[in-house]
Participant: 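Got a structure for you, questions after.
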Amino acid sequence: MKRLILSGLCACLTLPTFANSEYNDWLKQNTMDMGAAKQEFQDYMDANDKAFLGFLKQQWKEVDVKKPELLDTKPKPRLLPTAPKPVDKPITSKPISKPVIVAAPIIPKPKPDPTPKPIAQQPDNTVNVKIFAHNVAIYKDANLKQSFTGNMNSDSIANFYSKLAKHNHDNAIKDLQTKAKELRLNPWGTAVLFHYYIKTLGINDHNAQQLTTWYLLVKAGFDARVAYNQNAFLLMPSKQALYGVTYFTFTGTRYYAVSLDGKQLNTGRAYTYSGKHADAKHPLDFTNSQQLLPSANHQKKQLSFQYQGQNHTLTLSYDIGQIELANTTPQLNISQYAHEGLPENTANELLSQLAPMVESKSEQDAVNLLLRFVQTAFNYKTDEQQFQQENYLYPIETLHYPYSDCEDRASLFAWLVKGLLKLDTVLLDYPGHIAAAVAFNSDTTGDSWMHNGKRYTVTDPTYINASLGMTMPNLKVYKPKIVAF
């Protein structure tokens, strides 16, 4: 039986019309082409990668680990003081003009299609990356899936980089950059997208995951480097100072040991290379975090407060994708949160509901209404009580979480006053407490501070029922640091 099958197979191989000499010529030519292709594959690595591998193969040096800078470590009060019940009497001062509100875009509702459309099949050459409440199809680069073997040292890292660099990954990098632009991601969100993509490819080993992310970020133009102790981890510079994050300094630039999935790193003693890839140029940047493309995943929130005997209730919707993005973000300076404010859709909903409440009121009366809103529409707990660590919140997070503390309320309030009333506002940084202050166009009474030639009157959105000019009694002995945003 085997002989019969073999004979049949041999007969099949003679079917092509090649004569022996023609076949030999054809076989020789194709062998040469295959050899050329193999040589071309081996030589794919570009000059920058070859030069960079020279740095990686040299002796790495131990870096001087700096402890992370911390935000205010003074404990915050667990119970807040309450000011005397305010007199329900409007304050008379220079009236404000009608607030200018950016109208929310009117999006027409789609007409129902009577004939259901078939579900589009995801192309076989893509993977579905779930990120920030979006599902994104990205080119599937199988050549990125390389195994990391051996002990963690400079040689094993150089060998891993070399295996990656021998393949062309332009399709994946360009697709990632295109999707990041479509999602309106800032550089931090883009770096997180790269990391999520690596995990979606099924690269689950920690070291392979970190090294592959590092490789792709470098090839995409990020100033990323890698360090190692028992394991590999990423180092990246940032335009903004990061808090609670270990860092190392090279040639005057601070490189932070960042975790792109939001988890804290404990790096300790570590080694890194002294050189730099020619393509590694751009630092992280955390601005424009609220411009994320809206997703279909929204939640509703109702906020109620009372002012001058009137009850007010606001209904807002916010995007869960924004919460997921914020969860990955390391701690930034307090000014960043007030500066970023709210995403456009939620901002329009909030400002358009508050606008009629402050219309035709005096500046001081309008500010007091906003104070009462932030003071009483949100429940208070310290970050240690809610998160077991310091955790400054973006205003969108203050809407989302059940509790907020002083810096969260100060950021939201200061952004509201600037956006709705067009009054210059700063933050006041006390030991263990953050408040705000407003520059009015008319004289005010109460506590105030001079800054850059302007007088700013204290406005504390955490001091329950306090009106403008009132400082928490235990803070009157301090001169706060004034923080513009």
Participant: Is NZ or CZ of Arg409 both nearer than 6.0 Å to the six-membered ring centre of Phe378 and within 45° of the ring axis?
Facilitator: no
Participant: Do Ser295 and Asp319 have side-chain atoms, one donor and one acceptor, less than 3.5 Å apart?
Facilitator: yes
Participant: Under 6.0 Å from the six-membered ring centre of Phe305 and within 45° of its axis: does the NZ or CZ of Arg372 meet both?
Facilitator: no
Participant: Using only atom types and a distance under 3.5 Å, with no angle test, would you say the side chain of Gln353 pairs donor to acceptor with the backbone of Glu349?
Facilitator: yes
Participant: Taking the six-membered ring of Phe485, is the NZ or CZ of Lys418 close enough (under 6.0 Å from the centre) and on axis enough (within 45°)?
Facilitator: yes
Participant: Could you grab the distance from atom OG of Ser259 to atom CZ of Phe233, nearest 0.5 Å is fine?
Facilitator: 11.5 Å
Participant: Fit a plane to each ring of Trp60 and Tyr228, take the angle between them on a 0 to 90° scale, and name the class: parallel (under 30°), tilted (30 to 60°) or perpendicular (over 60°).
Facilitator: tilted
Participant: Within this structure, what is the CG-CE distance for the pair Leu284 and Met236, rounded to the nearest 0.5 Å?
Facilitator: 4.0 Å
Participant: How many angstroms lie between CD in Gln210 and CG in Asp205, if you round to the nearest 0.5 Å?
Facilitator: 10.0 Å
Participant: Between Thr471 (side chain) and Lys476 (backbone), is there a donor-acceptor pair under 3.5 Å?
Facilitator: no
Participant: Measure the acute angle between the ring planes of Tyr161 and His277, then classify it against the limits of 30° and 60° as parallel, tilted or perpendicular.
Facilitator: tilted
Participant: Do any N or O atoms from the side chain of Asn348 and from the backbone of Asn345 form a donor-acceptor pair under 3.5 angstrom?
Facilitator: no
Participant: Which value, rounded to the nearest 0.5 Å, describes the distance between Lys163 atom NZ and Thr149 atom OG1?
Facilitator: 5.0 Å
Participant: Are any side-chain N or O atoms of Thr346 and backbone N or O atoms of Ser317, one a donor and one an acceptor, separated by less than 3.5 Å?
Facilitator: yes
Participant: Would you call the rings of Tyr273 and Trp214 parallel, tilted or perpendicular, taking 30° and 60° as the class edges?
Facilitator: tilted
Participant: Using 30° and 60° as the class limits, which term best fits the ring planes of Tyr196 and Phe132: parallel, tilted or perpendicular?
Facilitator: tilted
Participant: Heavy atoms, side chains only, cut-off 4.5 Å: are Gln389 and Asp383 in contact?
Facilitator: no
Participant: If you measure from CE on Met472 to CD1 on Ile464, what distance do you get to the nearest 0.5 Å?
Facilitator: 7.5 Å
Participant: Here's a test for you: under salt bridge (charged side-chain N to carboxylate O under 4.0 Å, His left out), which of Asp141, Asp46, Asp170 qualifies with Lys219?
Facilitator: Asp46
Participant: As a quick check of understanding, evaluate side chain to side chain donor-acceptor pair (under 3.5 Å) for Trp188 and Thr328, giving each step before the final call.
Facilitator: CA-CA 9 Å; Trp188 170 257; Thr328 69; 3.0 Å; yes
Participant: State, yes or no, whether a side-chain contact exists between His400 and Lys301 at a heavy-atom distance under 4.5 Å.
Facilitator: no
Participant: Short question: side chain of Lys199, backbone of Val129 - any donor-acceptor pair under 3.5 Å?
Facilitator: no
